[in-house]
Amino acid sequence: MLDIKKMRQDPDFYKKKLGTRGVKPEEIDEVLDLDKKRRDLLQKTEALKAQRNEASEKIGEAKKKGENADEAIAQTRKLGADIKELDKKVDANDEKLHDLLAGIPNIPHDDVPVSLTEEGATELRKVGTIRKFDFEPKHHWDIGTNLGILDFDRAHKVSGARFVYYLGLGAQLERAVYNFMLDEHMKDGYTEVLPPYIVNAASMYGTGQYPKFRDSVYRVNGEDMTLIPTAEVPLTNYLRGEVIPTEELPVYVTALSPCFRSEAGAAGRDTRGLIRMHQFNKVEMVKYTKAEDSWDELEKMTANGENILKKLNIPYHVITLTTGDMSFTAAMTHDIELWMPAQNKYREVSSCSNCTDFQARRMHTQYRDENGNLQYVHTLNGSGLAVGRTVAAILENYQNEDGSVTIPNVLVPYMHGVTKITKENAVPFRNK
RNA sequence: GGAGAGUUGGCAGAGUGGUAAUGCACCGGACUCGAAAUCCGGCGAACCCGUGUAGAGCGGGCGCGCAGGUUCAAAUCCUGUACUCUCCUCCA
(Lines give C-alpha, C1' and ligand atoms only; values in the text may rest on other atoms or scores of the structure.)
Protein backbone atom coordinates (compact mmCIF):
# COMPACT_ATOMS: atom_id res chain seq x y z
CA MET A 1 0.00 0.00 0.00
CA LEU A 2 1.36 3.34 -1.04
CA ASP A 3 1.16 6.51 1.05
CA ILE A 4 -1.78 8.50 -0.26
CA LYS A 5 -0.53 11.71 1.33
CA LYS A 6 2.73 11.56 -0.55
CA MET A 7 0.91 10.69 -3.73
CA ARG A 8 -1.28 13.74 -3.24
CA GLN A 9 1.80 15.93 -2.90
CA ASP A 10 3.63 14.69 -5.97
CA PRO A 11 1.34 12.93 -8.43
CA ASP A 12 3.75 13.28 -11.33
CA PHE A 13 6.47 11.35 -9.54
CA TYR A 14 4.05 8.51 -8.88
CA LYS A 15 2.76 8.48 -12.44
CA LYS A 16 6.28 8.35 -13.80
CA LYS A 17 7.56 5.67 -11.46
CA LEU A 18 4.51 3.45 -11.60
CA GLY A 19 4.32 3.86 -15.35
CA THR A 20 7.47 1.74 -15.54
CA ARG A 21 5.47 -1.05 -13.97
CA GLY A 22 2.55 -0.70 -16.32
CA VAL A 23 0.28 1.43 -14.16
CA LYS A 24 -1.63 3.94 -16.27
CA PRO A 25 -1.58 7.60 -15.20
CA GLU A 26 -5.37 7.61 -15.26
CA GLU A 27 -5.34 5.15 -12.37
CA ILE A 28 -3.43 7.63 -10.25
CA ASP A 29 -5.78 10.42 -11.26
CA GLU A 30 -8.74 8.31 -10.29
CA VAL A 31 -7.22 7.59 -6.89
CA LEU A 32 -6.55 11.27 -6.30
CA ASP A 33 -10.06 12.25 -7.39
CA LEU A 34 -11.52 9.81 -4.90
CA ASP A 35 -9.16 11.13 -2.25
CA LYS A 36 -10.29 14.68 -2.87
CA LYS A 37 -13.92 13.65 -2.77
CA ARG A 38 -13.32 11.81 0.45
CA ARG A 39 -11.90 14.86 2.18
CA ASP A 40 -14.75 17.06 0.97
CA LEU A 41 -17.32 14.63 2.29
CA LEU A 42 -15.47 14.22 5.57
CA GLN A 43 -15.43 17.93 6.20
CA LYS A 44 -19.18 18.12 5.73
CA THR A 45 -20.05 15.17 7.91
CA GLU A 46 -17.58 16.07 10.62
CA ALA A 47 -18.98 19.59 10.86
CA LEU A 48 -22.44 18.12 11.35
CA LYS A 49 -21.14 15.70 13.94
CA ALA A 50 -19.54 18.52 15.89
CA GLN A 51 -22.85 20.30 15.81
CA ARG A 52 -24.69 17.23 17.01
CA ASN A 53 -22.22 16.59 19.82
CA GLU A 54 -22.68 20.12 21.06
CA ALA A 55 -26.46 19.91 20.90
CA SER A 56 -26.52 16.56 22.67
CA GLU A 57 -24.41 17.92 25.45
CA LYS A 58 -26.85 20.76 26.00
CA ILE A 59 -29.77 18.35 26.02
CA GLY A 60 -27.99 16.31 28.62
CA GLU A 61 -27.46 19.34 30.82
CA ALA A 62 -31.07 20.47 30.44
CA LYS A 63 -32.36 17.03 31.40
CA LYS A 64 -30.16 16.99 34.45
CA LYS A 65 -31.77 20.20 35.59
CA GLY A 66 -35.17 18.70 34.91
CA GLU A 67 -35.99 21.07 32.08
CA ASN A 68 -37.96 20.10 29.03
CA ALA A 69 -35.74 19.53 25.97
CA ASP A 70 -38.27 18.19 23.51
CA GLU A 71 -37.76 21.00 21.05
CA ALA A 72 -33.99 20.65 20.98
CA ILE A 73 -34.33 16.89 20.55
CA ALA A 74 -36.65 17.31 17.60
CA GLN A 75 -34.22 19.70 15.97
CA THR A 76 -31.24 17.47 16.50
CA ARG A 77 -33.05 14.45 15.17
CA LYS A 78 -32.77 15.82 11.65
CA LEU A 79 -29.00 16.11 11.99
CA GLY A 80 -28.71 12.42 12.63
CA ALA A 81 -30.41 11.57 9.35
CA ASP A 82 -28.17 13.91 7.38
CA ILE A 83 -25.08 12.47 9.00
CA LYS A 84 -26.15 8.93 8.22
CA GLU A 85 -26.69 9.89 4.61
CA LEU A 86 -23.25 11.51 4.30
CA ASP A 87 -21.48 8.70 6.11
CA LYS A 88 -22.89 6.23 3.62
CA LYS A 89 -21.35 8.28 0.84
CA VAL A 90 -18.04 8.41 2.68
CA ASP A 91 -18.05 4.64 3.14
CA ALA A 92 -18.84 3.95 -0.49
CA ASN A 93 -16.14 6.35 -1.58
CA ASP A 94 -13.62 4.87 0.85
CA GLU A 95 -14.26 1.40 -0.44
CA LYS A 96 -13.61 2.43 -4.02
CA LEU A 97 -10.50 4.34 -3.03
CA HIS A 98 -9.13 1.50 -0.98
CA ASP A 99 -9.77 -1.11 -3.66
CA LEU A 100 -7.94 0.94 -6.24
CA LEU A 101 -5.04 1.86 -3.99
CA ALA A 102 -4.61 -1.72 -2.77
CA GLY A 103 -4.16 -2.82 -6.37
CA ILE A 104 -1.29 -0.44 -7.15
CA PRO A 105 2.20 -1.93 -6.87
CA ASN A 106 5.18 -0.60 -4.93
CA ILE A 107 7.39 2.21 -6.22
CA PRO A 108 10.56 0.80 -7.81
CA HIS A 109 13.96 1.88 -6.57
CA ASP A 110 15.93 4.15 -8.92
CA ASP A 111 18.47 1.41 -9.64
CA VAL A 112 15.89 -1.03 -10.97
CA PRO A 113 16.25 -1.45 -14.74
CA VAL A 114 13.25 0.00 -16.52
CA SER A 115 11.40 -2.39 -18.79
CA LEU A 116 7.84 -3.62 -19.01
CA THR A 117 8.98 -7.15 -19.82
CA GLU A 118 11.56 -9.41 -18.20
CA GLU A 119 14.03 -8.41 -20.90
CA GLY A 120 16.66 -5.99 -19.66
CA ALA A 121 17.42 -7.42 -16.25
CA THR A 122 20.84 -6.44 -14.92
CA GLU A 123 23.32 -9.25 -14.31
CA LEU A 124 25.15 -8.39 -11.10
CA ARG A 125 27.58 -11.30 -10.98
CA LYS A 126 28.25 -14.77 -12.23
CA VAL A 127 29.71 -17.27 -9.77
CA GLY A 128 31.12 -20.78 -10.14
CA THR A 129 32.47 -22.76 -13.02
CA ILE A 130 30.10 -24.46 -15.38
CA ARG A 131 31.02 -28.10 -15.65
CA LYS A 132 32.05 -29.50 -19.02
CA PHE A 133 30.41 -32.86 -19.59
CA ASP A 134 32.09 -35.51 -21.70
CA PHE A 135 28.67 -37.06 -22.20
CA GLU A 136 25.24 -35.68 -22.87
CA PRO A 137 23.89 -34.45 -19.52
CA LYS A 138 20.42 -35.76 -18.74
CA HIS A 139 17.45 -33.82 -17.44
CA HIS A 140 16.87 -34.21 -13.73
CA TRP A 141 13.50 -35.85 -14.27
CA ASP A 142 15.16 -38.59 -16.32
CA ILE A 143 17.94 -39.02 -13.77
CA GLY A 144 15.48 -39.14 -10.88
CA THR A 145 13.04 -41.45 -12.62
CA ASN A 146 15.79 -43.83 -13.74
CA LEU A 147 17.15 -44.03 -10.20
CA GLY A 148 13.63 -44.48 -8.88
CA ILE A 149 13.93 -41.56 -6.46
CA LEU A 150 11.34 -39.40 -8.26
CA ASP A 151 7.97 -40.83 -9.22
CA PHE A 152 5.87 -38.49 -11.29
CA ASP A 153 3.53 -41.09 -12.75
CA ARG A 154 2.16 -42.30 -9.46
CA ALA A 155 1.84 -38.71 -8.19
CA HIS A 156 -0.27 -37.99 -11.25
CA LYS A 157 -2.44 -40.97 -10.37
CA VAL A 158 -2.84 -39.99 -6.73
CA SER A 159 -2.97 -36.21 -7.00
CA GLY A 160 -2.64 -34.92 -10.54
CA ALA A 161 -0.25 -33.02 -12.76
CA ARG A 162 2.52 -31.00 -11.11
CA PHE A 163 2.85 -33.29 -8.09
CA VAL A 164 5.65 -35.71 -7.31
CA TYR A 165 6.72 -38.45 -4.95
CA TYR A 166 10.31 -38.50 -3.71
CA LEU A 167 11.49 -41.92 -2.58
CA GLY A 168 14.38 -43.37 -0.63
CA LEU A 169 17.58 -41.41 -1.05
CA GLY A 170 15.63 -38.87 -3.11
CA ALA A 171 13.44 -38.03 -0.15
CA GLN A 172 16.53 -38.03 2.07
CA LEU A 173 18.32 -35.70 -0.31
CA GLU A 174 15.45 -33.22 -0.17
CA ARG A 175 15.56 -33.37 3.62
CA ALA A 176 19.35 -33.05 3.67
CA VAL A 177 19.15 -29.97 1.48
CA TYR A 178 16.65 -28.10 3.60
CA ASN A 179 18.30 -29.06 6.86
CA PHE A 180 21.58 -27.78 5.45
CA MET A 181 19.92 -24.55 4.38
CA LEU A 182 18.29 -23.95 7.77
CA ASP A 183 21.56 -24.63 9.58
CA GLU A 184 23.42 -22.17 7.37
CA HIS A 185 20.84 -19.46 7.94
CA MET A 186 20.97 -19.99 11.67
CA LYS A 187 24.70 -19.35 11.48
CA ASP A 188 23.88 -16.13 9.66
CA GLY A 189 21.71 -14.95 12.52
CA TYR A 190 18.26 -16.05 11.47
CA THR A 191 15.85 -17.48 14.02
CA GLU A 192 14.24 -20.69 12.88
CA VAL A 193 10.46 -20.65 12.84
CA LEU A 194 7.91 -23.33 12.13
CA PRO A 195 4.86 -21.36 11.03
CA PRO A 196 1.27 -22.32 10.24
CA TYR A 197 0.77 -23.47 6.67
CA ILE A 198 -2.79 -22.22 6.47
CA VAL A 199 -3.48 -18.51 6.92
CA ASN A 200 -6.49 -16.22 6.93
CA ALA A 201 -7.44 -13.59 4.38
CA ALA A 202 -6.12 -10.72 6.48
CA SER A 203 -2.64 -12.25 6.29
CA MET A 204 -2.89 -12.71 2.55
CA TYR A 205 -3.87 -9.07 2.29
CA GLY A 206 -1.03 -7.99 4.56
CA THR A 207 1.71 -9.38 2.37
CA GLY A 208 -0.02 -8.24 -0.80
CA GLN A 209 -1.26 -11.49 -2.34
CA TYR A 210 -4.81 -10.23 -1.82
CA PRO A 211 -6.82 -8.70 -3.36
CA LYS A 212 -5.01 -9.04 -6.67
CA PHE A 213 -3.92 -12.65 -6.75
CA ARG A 214 -6.83 -14.57 -5.28
CA ASP A 215 -6.82 -16.96 -8.21
CA SER A 216 -3.27 -18.20 -7.86
CA VAL A 217 -3.73 -19.77 -4.44
CA TYR A 218 -5.57 -22.73 -2.94
CA ARG A 219 -8.39 -21.73 -0.69
CA VAL A 220 -9.81 -24.10 1.86
CA ASN A 221 -12.81 -23.95 4.13
CA GLY A 222 -14.64 -21.35 2.07
CA GLU A 223 -13.27 -17.92 1.41
CA ASP A 224 -11.11 -17.16 4.37
CA MET A 225 -8.40 -19.79 4.81
CA THR A 226 -5.61 -20.28 2.31
CA LEU A 227 -2.81 -22.79 1.92
CA ILE A 228 0.30 -20.64 1.96
CA PRO A 229 1.89 -19.96 -1.43
CA THR A 230 5.13 -19.15 0.44
CA ALA A 231 6.29 -18.95 4.05
CA GLU A 232 6.69 -15.22 3.45
CA VAL A 233 3.02 -14.91 4.36
CA PRO A 234 3.08 -16.37 7.89
CA LEU A 235 6.59 -15.03 8.59
CA THR A 236 5.87 -11.46 7.55
CA ASN A 237 2.43 -11.39 9.16
CA TYR A 238 3.87 -12.69 12.41
CA LEU A 239 4.30 -9.13 13.71
CA ARG A 240 1.28 -7.69 11.90
CA GLY A 241 -0.40 -4.90 13.82
CA GLU A 242 2.45 -4.56 16.29
CA VAL A 243 4.98 -1.97 17.33
CA ILE A 244 8.30 -3.81 17.36
CA PRO A 245 10.61 -2.77 20.23
CA THR A 246 13.35 -0.83 18.44
CA GLU A 247 16.14 -2.75 20.16
CA GLU A 248 14.87 -5.99 18.56
CA LEU A 249 15.50 -4.69 15.04
CA PRO A 250 16.58 -6.02 12.67
CA VAL A 251 14.56 -9.21 13.10
CA TYR A 252 15.76 -12.16 10.99
CA VAL A 253 13.57 -15.25 10.69
CA THR A 254 13.72 -18.33 8.50
CA ALA A 255 11.38 -21.24 7.93
CA LEU A 256 11.01 -24.34 5.86
CA SER A 257 7.52 -24.80 4.51
CA PRO A 258 5.64 -26.41 1.72
CA CYS A 259 4.29 -23.89 -0.76
CA PHE A 260 1.02 -24.40 -2.60
CA ARG A 261 0.34 -22.68 -5.89
CA SER A 262 -2.38 -23.24 -8.42
CA GLU A 263 -0.07 -22.05 -11.23
CA ALA A 264 -3.07 -20.65 -13.07
CA GLY A 265 -1.80 -19.11 -16.26
CA ALA A 266 1.30 -21.29 -16.37
CA ALA A 267 -0.33 -24.03 -18.43
CA GLY A 268 2.20 -25.68 -20.70
CA ARG A 269 5.26 -24.18 -19.00
CA ASP A 270 7.77 -26.46 -17.31
CA THR A 271 5.40 -29.39 -17.47
CA ARG A 272 8.17 -31.88 -16.76
CA GLY A 273 10.29 -32.22 -13.69
CA LEU A 274 10.50 -30.45 -10.37
CA ILE A 275 10.61 -26.89 -11.64
CA ARG A 276 6.96 -25.90 -11.41
CA MET A 277 4.86 -27.86 -8.93
CA HIS A 278 1.57 -27.28 -7.16
CA GLN A 279 3.34 -28.21 -3.95
CA PHE A 280 7.03 -27.67 -3.25
CA ASN A 281 9.32 -27.04 -0.31
CA LYS A 282 11.06 -23.77 0.19
CA VAL A 283 13.27 -22.33 2.89
CA GLU A 284 12.29 -18.70 3.26
CA MET A 285 14.13 -15.79 4.86
CA VAL A 286 12.28 -12.74 6.15
CA LYS A 287 13.63 -9.57 7.74
CA TYR A 288 12.06 -6.64 9.49
CA THR A 289 14.39 -3.62 9.47
CA LYS A 290 14.54 0.07 10.18
CA ALA A 291 13.79 2.19 7.14
CA GLU A 292 17.37 3.33 6.69
CA ASP A 293 18.83 -0.19 6.80
CA SER A 294 16.74 -2.08 4.31
CA TRP A 295 18.91 -1.62 1.24
CA ASP A 296 22.00 -2.96 2.98
CA GLU A 297 19.93 -5.78 4.37
CA LEU A 298 18.74 -6.73 0.89
CA GLU A 299 22.32 -7.24 -0.24
CA LYS A 300 23.10 -9.29 2.86
CA MET A 301 20.03 -11.45 2.37
CA THR A 302 20.94 -12.11 -1.24
CA ALA A 303 24.42 -13.12 -0.08
CA ASN A 304 22.81 -15.52 2.43
CA GLY A 305 21.02 -17.24 -0.44
CA GLU A 306 24.14 -17.33 -2.58
CA ASN A 307 26.10 -18.85 0.28
CA ILE A 308 24.06 -22.05 -0.08
CA LEU A 309 24.94 -22.45 -3.74
CA LYS A 310 28.58 -21.59 -3.13
CA LYS A 311 28.85 -24.33 -0.53
CA LEU A 312 26.98 -26.76 -2.77
CA ASN A 313 29.31 -25.72 -5.57
CA ILE A 314 26.56 -25.07 -8.07
CA PRO A 315 27.15 -22.29 -10.61
CA TYR A 316 24.71 -19.39 -10.51
CA HIS A 317 24.26 -15.79 -11.39
CA VAL A 318 22.42 -12.94 -9.72
CA ILE A 319 20.22 -10.57 -11.64
CA THR A 320 18.20 -7.51 -10.72
CA LEU A 321 14.71 -7.86 -12.12
CA THR A 322 13.16 -5.17 -14.30
CA THR A 323 10.39 -2.85 -13.17
CA GLY A 324 7.88 -4.89 -15.14
CA ASP A 325 9.02 -8.29 -13.88
CA MET A 326 9.14 -7.60 -10.13
CA SER A 327 6.48 -8.89 -7.81
CA PHE A 328 3.71 -6.55 -6.75
CA THR A 329 5.12 -5.62 -3.35
CA ALA A 330 8.80 -5.27 -4.24
CA ALA A 331 10.78 -2.06 -4.67
CA MET A 332 13.74 -4.09 -5.87
CA THR A 333 14.29 -7.79 -6.45
CA HIS A 334 17.47 -9.79 -6.90
CA ASP A 335 16.90 -13.21 -8.40
CA ILE A 336 19.45 -15.94 -7.94
CA GLU A 337 19.39 -18.33 -10.87
CA LEU A 338 21.29 -21.60 -10.78
CA TRP A 339 22.73 -23.51 -13.67
CA MET A 340 20.78 -26.40 -15.15
CA PRO A 341 23.14 -28.28 -17.49
CA ALA A 342 20.54 -30.27 -19.42
CA GLN A 343 18.45 -27.19 -20.12
CA ASN A 344 21.68 -25.31 -20.76
CA LYS A 345 20.43 -22.26 -18.93
CA TYR A 346 20.00 -20.56 -15.58
CA ARG A 347 16.75 -21.13 -13.69
CA GLU A 348 15.37 -19.09 -10.81
CA VAL A 349 15.98 -20.60 -7.38
CA SER A 350 15.58 -17.52 -5.23
CA SER A 351 13.93 -14.14 -5.29
CA CYS A 352 15.11 -11.62 -2.70
CA SER A 353 13.01 -8.49 -2.40
CA ASN A 354 12.99 -5.29 -0.43
CA CYS A 355 9.33 -4.40 0.02
CA THR A 356 10.23 -1.16 1.85
CA ASP A 357 7.21 0.04 3.85
CA PHE A 358 4.69 -1.29 1.33
CA GLN A 359 3.67 -4.38 3.30
CA ALA A 360 4.15 -2.70 6.67
CA ARG A 361 1.63 -0.04 5.75
CA ARG A 362 -0.89 -2.75 4.92
CA MET A 363 -0.07 -4.63 8.10
CA HIS A 364 0.47 -1.69 10.43
CA THR A 365 3.80 -2.98 11.62
CA GLN A 366 5.84 -0.17 13.14
CA TYR A 367 8.74 0.80 15.35
CA ARG A 368 9.80 3.99 17.10
CA ASP A 369 12.66 5.96 15.59
CA GLU A 370 15.24 7.87 17.64
CA ASN A 371 12.78 10.75 18.07
CA GLY A 372 10.15 8.43 19.46
CA ASN A 373 7.96 8.77 16.39
CA LEU A 374 6.26 5.74 14.92
CA GLN A 375 7.65 4.57 11.61
CA TYR A 376 6.67 1.71 9.38
CA VAL A 377 9.26 -1.06 9.34
CA HIS A 378 10.71 -2.22 6.08
CA THR A 379 10.11 -5.87 5.25
CA LEU A 380 12.27 -8.10 3.09
CA ASN A 381 11.79 -11.62 1.94
CA GLY A 382 13.91 -14.05 0.00
CA SER A 383 14.06 -17.71 -0.82
CA GLY A 384 16.94 -19.40 0.81
CA LEU A 385 16.34 -21.45 -1.35
CA ALA A 386 13.62 -23.24 -3.30
CA VAL A 387 14.40 -26.80 -2.21
CA GLY A 388 12.98 -28.80 -5.12
CA ARG A 389 14.79 -26.73 -7.70
CA THR A 390 18.01 -27.05 -5.75
CA VAL A 391 17.61 -30.83 -5.70
CA ALA A 392 16.96 -30.75 -9.44
CA ALA A 393 20.17 -28.78 -9.93
CA ILE A 394 22.14 -31.20 -7.77
CA LEU A 395 20.86 -34.12 -9.82
CA GLU A 396 21.88 -32.45 -13.07
CA ASN A 397 25.16 -30.87 -12.02
CA TYR A 398 26.37 -33.89 -10.06
CA GLN A 399 25.24 -36.61 -12.45
CA ASN A 400 27.63 -39.28 -13.67
CA GLU A 401 27.66 -41.04 -17.00
CA ASP A 402 26.40 -44.29 -15.48
CA GLY A 403 23.26 -42.54 -14.22
CA SER A 404 24.37 -42.23 -10.61
CA VAL A 405 24.54 -38.94 -8.76
CA THR A 406 27.39 -37.85 -6.48
CA ILE A 407 26.38 -36.15 -3.24
CA PRO A 408 27.93 -32.69 -2.76
CA ASN A 409 30.51 -32.79 0.05
CA VAL A 410 28.65 -30.51 2.42
CA LEU A 411 25.59 -32.75 2.25
CA VAL A 412 27.34 -36.05 2.98
CA PRO A 413 26.97 -35.67 6.77
CA TYR A 414 23.30 -34.85 6.23
CA MET A 415 23.03 -38.05 4.14
CA HIS A 416 24.51 -40.12 6.97
CA GLY A 417 27.66 -40.77 4.98
CA VAL A 418 26.14 -41.67 1.64
CA THR A 419 28.37 -40.22 -1.09
CA LYS A 420 26.58 -41.40 -4.18
CA ILE A 421 23.05 -42.31 -5.21
CA THR A 422 23.02 -45.38 -7.42
CA LYS A 423 20.32 -47.66 -8.67
CA GLU A 424 21.41 -50.16 -6.02
CA ASN A 425 21.10 -47.96 -2.95
CA ALA A 426 18.42 -45.50 -4.11
CA VAL A 427 15.18 -47.17 -3.07
CA PRO A 428 15.67 -50.09 -0.68
CA PHE A 429 12.35 -51.86 -1.19
CA ARG A 430 12.95 -52.12 -4.93
CA ASN A 431 16.13 -54.12 -4.42
CA LYS A 432 14.83 -56.92 -2.24
C1' G B 1 -19.14 -30.84 17.76
C1' G B 2 -21.74 -29.18 22.88
C1' A B 3 -21.94 -25.64 27.27
C1' G B 4 -20.21 -21.37 29.76
C1' A B 5 -17.03 -16.88 30.57
C1' G B 6 -14.37 -12.99 28.61
C1' U B 7 -12.46 -9.00 24.97
C1' U B 8 -11.76 -1.16 27.86
C1' G B 9 -5.12 3.00 27.25
C1' G B 10 1.98 0.11 27.43
C1' C B 11 0.12 -3.18 31.73
C1' A B 12 -3.55 -3.98 35.65
C1' G B 13 -8.52 -2.68 36.25
C1' A B 14 -13.49 0.36 37.31
C1' G B 15 -17.59 1.88 34.70
C1' U B 16 -25.39 -1.15 32.92
C1' G B 17 -27.94 5.47 28.50
C1' G B 18 -25.36 11.74 29.31
C1' U B 19 -20.27 11.77 26.79
C1' A B 20 -14.05 6.85 29.34
C1' A B 21 -12.32 6.28 37.19
C1' U B 22 -8.02 4.68 39.62
C1' G B 23 -3.20 2.29 40.13
C1' C B 24 1.48 0.94 37.88
C1' A B 25 4.50 2.45 33.92
C1' C B 26 5.99 6.74 31.14
C1' C B 27 7.34 12.27 30.38
C1' G B 28 8.50 17.19 32.71
C1' G B 29 9.57 19.72 37.25
C1' A B 30 10.69 20.29 42.67
C1' C B 31 13.70 18.32 46.65
C1' U B 32 19.10 16.12 46.49
C1' C B 33 26.16 16.63 45.58
C1' G B 34 23.74 12.67 42.72
C1' A B 35 20.28 8.70 42.89
C1' A B 36 16.18 6.28 45.33
C1' A B 37 11.92 7.61 47.96
C1' U B 38 8.46 11.63 48.20
C1' C B 39 5.76 15.79 46.22
C1' C B 40 3.70 18.82 42.00
C1' G B 41 2.22 18.78 36.96
C1' G B 42 1.44 16.19 32.38
C1' C B 43 0.29 12.09 29.47
C1' G B 44 -4.57 7.40 27.62
C1' A B 45 -2.27 3.57 21.36
C1' A B 46 -2.63 4.53 16.59
C1' C B 47 -5.67 6.96 12.98
C1' C B 48 -8.56 10.79 10.02
C1' C B 49 -9.97 16.11 8.59
C1' G B 50 -8.82 21.50 8.81
C1' U B 51 -5.05 25.20 9.76
C1' G B 52 0.18 25.22 9.41
C1' U B 53 7.12 25.18 6.92
C1' A B 54 5.99 21.00 10.19
C1' G B 55 4.89 13.94 12.11
C1' A B 56 5.11 21.40 16.39
C1' G B 57 0.83 23.95 18.19
C1' C B 58 -4.36 24.76 17.82
C1' G B 59 -9.52 23.23 16.43
C1' G B 60 -12.63 19.11 15.06
C1' G B 61 -13.79 13.89 14.08
C1' C B 62 -13.12 8.96 15.47
C1' G B 63 -12.25 5.98 19.54
C1' C B 64 -14.19 0.61 24.96
C1' G B 65 -12.69 -6.93 19.82
C1' C B 66 -15.31 -6.13 14.84
C1' A B 67 -19.92 -4.92 11.99
C1' G B 68 -24.80 -3.21 12.13
C1' G B 69 -29.34 -1.34 14.84
C1' U B 70 -32.26 1.73 18.53
C1' U B 71 -31.53 6.97 20.57
C1' C B 72 -30.89 13.99 20.65
C1' A B 73 -26.96 10.96 23.08
C1' A B 74 -24.27 3.96 23.36
C1' A B 75 -18.34 1.14 26.59
C1' U B 76 -23.30 0.81 28.59
C1' C B 77 -29.54 -1.50 25.32
C1' C B 78 -30.54 -4.93 20.78
C1' U B 79 -28.71 -8.18 16.56
C1' G B 80 -24.85 -10.55 14.12
C1' U B 81 -19.77 -11.96 14.04
C1' A B 82 -14.37 -12.86 15.24
C1' C B 83 -10.98 -14.26 18.69
C1' U B 84 -9.32 -15.99 23.61
C1' C B 85 -10.08 -18.96 27.95
C1' U B 86 -12.57 -23.02 30.89
C1' C B 87 -15.34 -27.62 30.99
C1' C B 88 -17.35 -31.84 28.13
C1' U B 89 -16.70 -34.67 23.56
C1' C B 90 -12.98 -36.05 20.04
C1' C B 91 -8.00 -36.59 18.58
C1' A B 92 -1.90 -36.79 17.06
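None of the values given here were measured: they were computed from a predicted structure. Here is the naming used below: chain letters follow the sequence lines, and residue numbers restart at 1 for every chain.
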B/S/- contact track for nucleotides 77-85 of chain B, protein heavy atom under 4.0 Å: ---------
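Partners of A:Gln375 by side chain to side chain donor-acceptor pair (under 3.5 Å), not counting sequence neighbours, listed by chain and number: A:Asp369. In this structure, A:Lys290 has no side chain to side chain donor-acceptor pair (under 3.5 Å) partners at least two apart in sequence or on a different chain. For A:Tyr376, the ring-ring contact (aromatic ring centres under 6.0 Å, His included) test picks out no residue, with sequence neighbours left out. A:His378 pairs by the ring-ring contact (aromatic ring centres under 6.0 Å, His included) definition with nothing, not counting sequence neighbours.
One atom, CG of A:Leu86, and another, P of B:rC62, lie 13 Å apart when rounded to the nearest Å. Atom CD1 of A:Ile59 and atom P of B:rG18 are 15 Å apart (whole Å). Residue A:Ile244 contributes atom CD1, which lies 16 Å from atom C1' of B:rA45 at whole-angstrom precision. One interatomic measurement links the two molecules: CG of A:Asp91 to P of B:rC62, which rounds to 13 Å at whole-angstrom precision. We find that CD of A:Gln366 is positioned 7 Å from P of B:rC47, with the value rounded to whole Å. In this entry the distance linking CD1 of A:Ile4 with P of B:rC47 reads 17 Å, nearest Å. Between A:Asp87 atom CG and B:rA67 atom C1' there is a gap of 14 Å when expressed in whole angstrom units. Here B:rG61 presents its P atom at 19 Å from NZ of A:Lys84, a figure rounded to the nearest Å.
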What are the atom names and distances for every N/O pair under 3.5 Å that joins the protein to nucleotides 54-57 of chain B?
residue, atom, partner, partner atom, Å
B:rG55, N1, A:Gln375, NE2, 3.0
B:rG55, N2, A:Leu374, O, 2.5

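Scanning both residues, A:Ser203 and A:Thr207, for their nearest heavy atoms gives O-OG1, 3.0 Å.
Note on residues 181-202 of chain A: pairs passing salt bridge (charged side-chain N to carboxylate O under 4.0 Å, His left out), not counting sequence neighbours, are A:Glu184-A:Lys187, A:Glu184-A:Lys311. A ring-ring contact (aromatic ring centres under 6.0 Å, His included) check over residues 18-47 of chain A, counting only residues at least two apart or in different chains, returns nothing.
Remark: the A:Thr356 side chain and the A:Asn106 side chain contain an N/O donor-acceptor pair separated by less than 3.5 Å. In summary, the side chains of A:Glu299 and A:His334 do present a donor paired with an acceptor at a separation below 3.5 Å, with no hydrogens or angles considered.
In terms of phosphate contacts, A:Lys36 brings no side-chain nitrogen or oxygen within less than 4.0 Å of OP1 or OP2 of B:rC49.
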Intermediate values then yes/no, side chain to side chain donor-acceptor pair (under 3.5 Å), A:Glu297 and A:Tyr252: CA-CA 10 Å; A:Glu297 294 290 353; A:Tyr252 288 18; 2.6 Å; yes
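The local environment of NZ in A:Lys423 is sparse, with at most 12 non-hydrogen atoms from other residues, nucleotides or ligands closer than 6.0 Å. Around CD of A:Glu118, the count of heavy atoms belonging to other residues, nucleotides or ligands within 6.0 Å does not exceed 12.
If you find the closest nucleotide of RNA chain B to A:Lys78 and to A:Tyr376, the one lying nearer the 5' end belongs to A:Tyr376. Between A:Thr76 and A:Glu57, the residue whose closest nucleotide on RNA chain B is further toward the 5' end is A:Glu57.
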Under 3.5 Å, side-chain donor or acceptor atoms of residues 404-411 of chain A against the rest of the protein: list the pairs with distances, not counting sequence neighbours.
residue, atom, partner, partner atom, Å
A:Ser404, OG, A:Asn400, ND2, 2.9
A:Ser404, OG, A:Asp402, OD1, 2.7
A:Thr406, OG1, A:Asn400, ND2, 3.1

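Listed by residue number, A:Arg38, A:Arg39, A:Leu42, A:Gln43, A:Glu46, A:Lys49, A:Ala50, A:Arg52, A:Asn53 are the residues of residues 37-55 of chain A with a heavy-atom contact under 4.0 Å to RNA chain B. For the contact set between residues 354-362 of chain A and RNA chain B, defined by any heavy atom under 4.0 Å, there are no members.
The residue A:Ser56 sits close to a base: some heavy atom pair falls under 4.0 Å.
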Dot-bracket line, read 5' to 3' along RNA chain B, where crossing pairs take [ ] and | marks a partner on another strand, Watson-Crick or G-U under 3.5 Å: ((((((((.[[[..)..(...]]].(((((.......)))))....(((((.....)))))...[[[[[..)....]]]]])))))))....
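Less than 6.0 angstrom separates the ring centroid of A:Phe328 from the ring centroid of A:Phe358. When ring centroids are compared, A:Phe152 and A:His139 stay outside the 6.0 Å threshold.
Below 30°, between 30° and 60°, or above 60°: for A:Phe163 and A:His278 the angle between ring planes is between 30° and 60°, a tilted geometry.
Listed for the A:Thr226 side chain is no donor-acceptor partner under 3.5 Å among the backbone atoms of A:Arg219.
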